[in-house]
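Structure, as structure tokens:
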Amino acid sequence: MASSKRKCAQKKVSVTCSSSSSSSDPLLVKAARGEPVSRPPAWMMRQAGRYMAVYRKLAEKYPSFRERSETTDLIVEISLQPWEAFHPDGVIIFSDILTPLPAFGVLFDIEDIRGPVIQSPIVSEEGLKTLHPIDLDKLQFVGESLKILRQEVGGQAAVLGFVGAPWTIATYIVEGGSTSTYTTIKSMCHTAPHVLRALLSHLTQAISDYIVFQVEAGAHCIQIFDSWGGQLPPSMWDSWSKPYIQEIVSSVRKRCPKTPLVLYINGNGGLLERMKGTGVDVIGLDWTVDMADGRKRLGSEISVQGNVDPAYLFSPLPSLTEEILRVVRSAGPRGHILNLGHGVLVRTPEESVRHFFEVARSLNYDTFLQTQTPTEGIGSLVI
């Protein structure tokens, strides 16, 4: 459990949405803004979780995921596990995109086999009546955790918050949980568009407020997960996801103009240019997009994140090193946050995660990009 020092830390930190950048900003924040940095900052999606032995041990003691993700001491302890083990450049809060749902009227459970289960799916105007403005008092465990994390990592890393995009959150609320087909919500686009738009609009306001809440609690940067946006044809994404993300970005920009916003979509190869149009600062590429091609399509005026295939962490370390170098070279020296193209997989060797971050820290743009070909110097980087 978190120490009493961590419990007290939340009283010492006061953070508000900044309107200006600072030379003391963490490396990741500078890269997200496209500012000059000496090397690519690195973190991993799902960097805290089941692949770590220390997490599995804690999960045996606290088997409920919701208890682990809704109890301040546990959130802080789990969020700091990869920080203490690997020292990434970003420390993301241990949470879930569904965490805020009860705060605006949507109750859910997480079952071992089925995963998230929405108790009362919303598919009609009657269902919309259960919604109310987000009650941030019900999410104090998130705010308290971010304050403590900000104190714990100091200026050595960026503290990351995150949210789900309206479309992605709506898939769970409409389908009643996880799905592989999305038939109910996709059909609603045609059979009950007014209901779906009302739901998406409500989610947009709630998520915007939740982002600002996280920033004011201590998050340096926010990632928006439109995890299931890639399940939509591009033209439907333009209608049913993009406008609501744009509205979130616009709303947050007014209140927190200097907070970098990252947008990640799983399966985003057909959406890159459209994602850029949302106004976010960083586009997260999944591993199916070639980084060089992604850079060419997006241009140099926006930052990118990614995109090593998580499966490379099961490869020999020299192969992992070579892929990291290829991605970094393809992304270029400006506006790149090194990450995976998706979350860390279960049973990923911790040694490989450690190596990933060691390679990232060993890089220096001044020497690496000028003197190395993608395969040169690999031996010296295998630690």
Side-chain angles (χ1 to χ4, degrees), residues 64-66 69-70 95-139 141-142 161-214 222-233 236-249 251-252 263-267 278:
S64 166
F65 175 82
R66 288 198 62 181
S69 61
E70 297 180 15
S95 187
D96 192 87
I97 60 172
L98 301 185
T99 294
L101 266 60
F104 53 81
V106 180
L107 303 181
F108 75 97
D109 297 311
I110 295 183
E111 300 180 0
D112 290 340
I113 304 299
R114 295 177 61 191
V117 177
I118 305 297
Q119 295 178 9
S120 300
I122 296 177
V123 294
S124 66
E125 291 183 3
E126 187 66 25
L128 292 172
K129 295 178 181 178
T130 64
L131 300 174
H132 56 73
I134 190 167
D135 182 356
L136 296 171
D137 287 340
K138 294 182 177 179
L139 295 166
F141 56 87
V142 172
F162 69 92
V163 297
W167 168 264
T168 288
I169 297 296
T171 66
Y172 291 96
I173 294 174
V174 170
E175 299 282 352
S178 300
T179 177
S180 59
T181 60
Y182 305 90
T183 51
T184 302
I185 190 167
K186 285 185 176 181
S187 67
M188 276 186 73
C189 296
H190 310 287
T191 60
H194 61 294
V195 174
L196 185 53
R197 290 206 180 278
L199 173 60
L200 290 168
S201 294
H202 189 92
L203 292 173
T204 297
Q205 183 61 58
I207 292 165
S208 298
D209 292 342
Y210 188 40
I211 288 176
V212 174
F213 171 75
Q214 291 186 55
I222 299 290
Q223 177 149 316
I224 302 170
F225 285 91
D226 194 10
S227 304
W228 309 130
Q231 297 296 320
L232 288 169
M236 287 190 70
W237 188 81
D238 282 343
S239 297
W240 295 99
S241 185
K242 182 180 179 180
Y244 303 98
I245 297 173
Q246 286 177 311
E247 190 174 336
I248 289 171
V249 172
S251 176
V252 173
L263 176 59
Y264 174 83
I265 299 177
N266 188 28
T278 61

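Please read these numbers as outputs of a predicted model, since none were measured by experiment.
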Task: Considering all heavy atoms, the nearest G176-P121 contact - done: CA-CG, 3.7 Å
Task: Spacing of CZ belonging to F162 relative to CD1 belonging to I211, to within rounding of 0.5 Å - done: 12.0 Å
TODO: Check the pair R197 / Y244 against side-chain contact (heavy atoms from CB on, under 4.5 Å), numbers first and verdict last.
DONE: CA-CA 10 Å; R197 290 206 180 278; Y244 303 98; 2.8 Å; yes
- [ ] Could you tell me the separation between the CD atom of E175 and the CD1 atom of I118, rounded to the nearest 0.5 Å?
- [x] 11.0 Å
Open item on the list: Main chain of E247, side chain of S251: is a donor-acceptor contact present, judged purely on distance under 3.5 Å?
Closed with: no
TODO: Return the minimal non-hydrogen interatomic distance between R66 and I110, and the atom names on each side.
DONE: CG-CD1, 4.1 Å
TODO: Flag the pair L107 / S120 as yes when at least one side-chain heavy-atom distance between them is below 4.5 Å, and no otherwise.
DONE: no
- [ ] Check the pair L128, L199 against side-chain contact (heavy atoms from CB on, under 4.5 Å), reporting the backbone distance first and the verdict last.
- [x] CA-CA 7 Å; L128 292 172; L199 173 60; 4.0 Å; yes
- [ ] Please state whether the rings of Y172 and W228 are parallel, tilted or perpendicular, taking 30° and 60° as the class boundaries.
- [x] tilted
Open item on the list: Measuring from atom CG of L139 to atom OG of S95, what distance do you get when rounded to the nearest 0.5 angstrom?
Closed with: 8.5 Å
Open item on the list: Donor-acceptor check, side chain of S239 to backbone of M236, threshold 3.5 angstrom: yes or no?
Closed with: no
Task: Heavy-atom check, side chain of K186 versus side chain of T181, under 4.5 Å - done: no
Open item on the list: Going by side-chain hydrogen bond (donor to acceptor under 3.5 Å, both in side chains), name the residues that satisfy it together with H190, two or more places apart in sequence or in a different chain.
Closed with: none
- [ ] Find out whether T184 and T179 are in side-chain contact, i.e. whether some heavy atom of one side chain is under 4.5 Å from a heavy atom of the other.
- [x] no
Open item on the list: Measuring only between side-chain heavy atoms, which start at C-beta, is L203 closer than 4.5 Å to W167?
Closed with: no
Task: For V142 against Q214, the heavy-atom pair lying closest together - done: CG1-CG, 4.2 Å
Task: Residue pair T168 / D226: nearest heavy atoms and the distance that separates them - done: OG1-OD1, 2.7 Å
Open item on the list: Within this structure, what is the CZ-CD1 distance for the pair F213 and I222, rounded to the nearest 0.5 Å?
Closed with: 11.0 Å
Task: Working for side-chain contact (heavy atoms from CB on, under 4.5 Å), residues Y210 and I248 - done: CA-CA 10 Å; Y210 188 40; I248 289 171; over 6 Å; no
Task: From CD1 (I97) to OG (S227), nearest 0.5 Å - done: 5.0 Å
Task: Nearest atoms (heavy-atom pairs only) where F108 meets L98 - done: CE2-O, 3.2 Å
Task: Point-to-point distance, once rounded to the nearest 0.5 Å, from CG of L131 to CD of Q205 - done: 13.0 Å
- [ ] State whether the number of non-hydrogen atoms from other residues, nucleotides or ligands found under 6.0 Å of E111 atom CD is greater than 12.
- [x] yes
Open item on the list: Taking the side chain as everything from C-beta on, heavy atoms only, tell me whether S241 gets closer than 4.5 Å to P166.
Closed with: no
- [ ] For P100 and I134, work out which heavy atoms get closest and say how close.
- [x] CB-CD1, 4.3 Å
Task: Trace of the side-chain contact (heavy atoms from CB on, under 4.5 Å) decision for Y182 with V174 - done: CA-CA 9 Å; Y182 305 90; V174 170; over 6 Å; no
